[in-house]
Amino acid sequence: MLGVLIWDQEYSLIDNGVTVSEQIQIYNRNSLPEHELNIRLNRFLFPKSTWGKSCAVLSGGEKMRLSLCCLMVSENAPDIIIADEPTNNLDLYNINSSVIFEQA
């Protein structure tokens, strides 16, 4: 059975009351070690200096990347993501990166 996620523009997966680091911990149901989570955050362009940043102050693009990162560590990562305007809030570099990600 395929897991499907409908991904809204408001990024409702993100809890604005927590930090970037706490947010990924919420989705870490596979109990990945902390260093693995940090590697994932770095891969989604969240360097160590951003891990303590409140999710409430993240830009739309940052919330999009953090949502994807959380989905990748979750125990029920979806097989298909249906995104409402998936390139909203992304700069040209990240739009091109997401196209590569979609093709992978």
Q. Do other residues, nucleotides or ligands put more than 12 heavy atoms under 6.0 Å from the CD atom of E36?
A.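 Yes, enclosed.
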
Q. Hey, what do you get for CG (L37) to CG (N42), rounding to the nearest 0.5 Å?
A.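 Atom-to-atom, L37:CG and N42:CG are 11.5 Å apart.
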
Q: Take C69 and L41 through the side chain to side chain contact (heavy atoms under 4.5 Å, CB included) test and state the conclusion after the steps.
A: CA-CA 7 Å; C69 186; L41 285 170; 4.1 Å; yes

Q: May I ask you to establish whether R29 and Y27 are in a cation-pi arrangement, using a distance under 6.0 Å from NZ or CZ to the six-membered ring centre and at most 45° from the ring axis?
A: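 Ring-cation test returns yes.
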
Q: Assess whether side chain to side chain contact (heavy atoms under 4.5 Å, CB included) is satisfied between F44 and L68, documenting all intermediate values.
A: CA-CA 8 Å; F44 282 86; L68 282 172; 3.7 Å; yes

Q) Testing E62, E22, Q23 for side-chain contact (heavy atoms from CB on, under 4.5 Å) with C55, which one passes? A)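 Of the listed options, the one satisfying the test is Q23.
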
Q.
Quick check: closest heavy atoms across L45 and R65, and the distance to 0.1 Å?
A.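 Closest approach of L45 to R65: O-NH2, 3.2 Å.
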
Q.
Tell me the closest heavy-atom pair linking F46 and W51, and the distance in Å.
A.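 Shortest heavy-atom separation between F46 and W51 comes out as O-NE1, 2.8 Å.
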
Q | Steps toward side chain to side chain contact (heavy atoms under 4.5 Å, CB included) verdict (S54, T19) | A | CA-CA 4 Å; S54 169; T19 66; 5.6 Å; no

Q. Do N28 side-chain atoms and I24 backbone N/O form a donor-acceptor pair below 3.5 Å?
A.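 No, the answer is negative, given that no donor and acceptor are paired below the 3.5 Å cut-off.
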
Q: Flag yes if L58 and I26 sit in one hydrophobic cluster, no otherwise; membership is Ile, Leu, Val, Met, Phe, Trp, Tyr, and two members link when side-chain heavy atoms are under 4.5 Å apart.
A: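 In one cluster with L58: I26, yes.
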
Q: Check the hydrophobic clustering (I, L, V, M, F, W, Y; side-chain heavy atoms under 4.5 Å; chains of links allowed) and say if V20 and M72 are grouped together.
A: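 Yes, V20 connects to M72 through the hydrophobic network.
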
